[in-house]
Protein chains: 2
Amino acid sequence: MTELEQYIQSYFGVSSDNLMQISELFHEEEIKKGDYFLHTGKYCNKLSFIKNGMLRIYVTTAEKEVTQWISTKGFFVTDLSSLVFEQPARWTIQALANTELYTIQKSDYQKIGQLIPQWHALEKLFIAKCFTMLEDRIFSHLSMSAEERYQFFFAQQPELFNQVPLQYLASMLGMTPETFSRIRNKNRI
Amino acid sequence: MTELEQYIQSYFGVSSDNLMQISELFHEEEIKKGDYFLHTGKYCNKLSFIKNGMLRIYVTTAEKEVTQWISTKGFFVTDLSSLVFEQPARWTIQALANTELYTIQKSDYQKIGQLIPQWHALEKLFIAKCFTMLEDRIFSHLSMSAEERYQFFFAQQPELFNQVPLQYLASMLGMTPETFSRIRNKNRI
DNA sequence: AGTATGGCTTGATATAAATCAAGAAATCAA
DNA sequence: TTGATTTCTTGATTTATATCAAGCCATACT
């Protein structure tokens, strides 16, 4: 089983005879550090798994740049509202490092539902899972201080803290780089 | 077309011959003010539309009560992770007023997929829509002040501000009742 | 090697929002 | 209606976090 098939299996629990059908629709793609996967306002017509590397999902407002999320190895990446509802992309997505992707084009993505009858049901579960992760994140903003959010997130993804420019982590957690730096220092052994 | 059918139509865009099949699976139910739709830790085995009234979705932590959302007429209500993944409910859901619901039991809900082949695809779109709403909410916490969140939310649901105890709105927006009260006063004409 | 450049740290200060506290208004119950 | 709760408002104070500013440390550049 290829790495891609393992990811699809673990996210969607597809049976192994279907796995190959799906994974054949993906192709490998590389994005160099600094290059863009997607620009705000464009239409997102693909969905990718990260084989290795990192992508930052952000948006530029009048005052500042807001990092919404950083995706790493094993994660999905797309602009869901653009892919699914054909709307202009909300997010800009840029590679923080040289990144290899398994990518499926929208047209092929839409074919999966015909190939595999239970696909939509599995996909629904996947998106529902993503939904609950966002619920957790909102909860963290309703009930935690900056330091608590730091610890909550660090517990979930400690690897990220060594690999990602800290200013982006700070933004993603809803605090300034200075505050992030101080908290980080305090929490270092 | 009944009110329930209109909701289902508008959320899912089901064709009219399927609408009745679906709506027949729902039954009406009433919850008195103060009564509970769901308790944290229990299993949520239903999904409801609000015909009228209001429900508050919240969780009690060691320090405080955190209101995650307030659902009103026309909205869906359930604990998604409990309904879909059969996990203990994260949220407690309580009626803020006498509330009439159209409710479908989990067992019937699961039947819809068999009745209507494209159901899972429609449901996926529905959850994806909910997902993007949560993305917006997270963005509001990453980039806005308390006052800006107040205005952002007020623009979306001005009706709520007259009907709901303000302390719950405050919690839902991630601020204290005092801060909410001051901002509200300032923004009153 | 030397010097830019961008990212991180640290300190001083300002500000938004929380907390504490008391009183006013609204809601509820008898 | 009246008193009893509960919720809301307002002011004073504290605290967390942002902002401003300077220096430091890496990495990249020539």
Side-chain angles (χ1 to χ4, degrees), chain A residues 32-35 54 56 58 60-67 70 94-98 138-154 158 160-189, chain B residues 32-35 53-54 56 58 60-67 70 94-99 138-154 158 160-189:
Chain A
K32 292 287 178 200
K33 177 172 178 171
D35 284 353
M54 274 185 310
R56 178 169 76 104
Y58 69 96
T60 306
T61 71
E63 305 90 41
K64 55 182 170 181
E65 223 182 66
V66 178
T67 296
I70 291 162
Q94 185 185 25
L96 289 179
N98 293 340
I138 287 172
F139 178 78
S140 81
H141 284 281
L142 298 185
S143 67
M144 296 180 192
S145 66
E147 181 157 1
E148 288 166 330
R149 288 198 301 280
Y150 175 98
Q151 288 161 346
F152 177 69
F153 184 74
F154 184 78
L160 263 195
F161 283 62
N162 308 317
Q163 298 169 16
V164 177
L166 305 185
Q167 52 175 322
Y168 302 144
L169 292 175
S171 171
M172 178 179 148
L173 293 176
M175 64 187 82
T176 60
E178 292 94 332
T179 295
F180 187 94
S181 172
R182 284 182 244 264
I183 291 174
R184 179 171 175 257
N185 218 309
K186 211 162 93 182
N187 284 270
R188 224 166 358 208
I189 313 102
Chain B
K32 291 287 178 199
K33 177 172 180 170
D35 284 354
M54 274 185 309
R56 178 169 75 104
Y58 69 97
T60 307
T61 72
E63 304 90 42
K64 55 182 170 180
E65 224 182 63
V66 177
T67 296
I70 291 163
Q94 185 184 26
L96 289 180
N98 292 341
T99 298
I138 287 173
F139 178 79
S140 81
H141 284 281
L142 298 185
S143 67
M144 296 180 194
S145 66
E147 182 158 2
E148 287 166 330
R149 287 199 300 280
Y150 175 98
Q151 288 161 347
F152 177 70
F153 184 73
F154 184 78
L160 263 195
F161 283 62
N162 308 316
Q163 298 169 15
V164 177
L166 304 186
Q167 53 176 322
Y168 301 144
L169 292 175
S171 172
M172 177 179 150
L173 292 176
M175 64 187 81
T176 60
E178 293 94 332
T179 295
F180 187 94
S181 172
R182 283 183 245 265
I183 290 174
R184 179 170 175 258
N185 216 310
K186 212 163 91 183
N187 284 269
R188 227 169 350 211
I189 313 103

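All chains are named by letter (A, B, ...) in the order of the sequence lines, taking the proteins before the strands, and each is independently numbered beginning at 1.
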Measuring to OP1 and OP2 of [N], would you say a side-chain N or O of [X] lies under 4.0 angstrom away?
| X | N | result |
| --- | --- | --- |
| B/T176 | C/dA18 | yes |
| B/R182 | C/dA16 | no |
| A/K33 | D/dA28 | no |
| A/N185 | C/dT10 | yes |
| A/T179 | D/dT17 | no |

Tell me the interatomic distance from [X], atom [atom1], to [N], atom [atom2], rounded to whole angstroms.
| X | N | atom1 | atom2 | answer |
| --- | --- | --- | --- | --- |
| A/F180 | D/dT19 | CZ | C1' | 19 Å |
| B/K186 | D/dT10 | NZ | C1' | 15 Å |
| A/M144 | D/dA16 | CE | P | 17 Å |
| A/M175 | C/dT9 | CE | C1' | 16 Å |
| A/E63 | D/dA18 | CD | P | 15 Å |
| A/K64 | D/dC20 | NZ | P | 12 Å |

Pairing nucleotide - C/dA30, Watson-Crick or G-U, each distance under 3.5 Å: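 Per the H-bond distance test, D/dT1.
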Donor-acceptor pair, [X] side chain versus [Y] backbone, under 3.5 Å?
| X | Y | answer |
| --- | --- | --- |
| A/R149 | A/G174 | yes |
| B/N98 | B/K33 | yes |
| A/Q94 | A/G34 | yes |

Taking the basic N atoms (NZ, or NE/NH1/NH2) and the acidic carboxylate oxygens, is any pair closer than 4.0 Å for B/R56 and B/E65?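 Here B/R56 pairs with B/E65 in a salt bridge, since their nearest N and O are under 4.0 Å apart.
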By nearest atom, which of the nucleotides C/dT9, D/dT7, D/dT9 is closest to the B/Q167 side chain? D/dT7
B/R184 or A/R149, whichever maps to the more 5' nucleotide of DNA chain D: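 Final value for this comparison: B/R184.
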On DNA chain D, does the nearest nucleotide to A/E178 precede the nearest nucleotide to A/E147 from the 5' side, or the other way round? Give the residue. A/E147
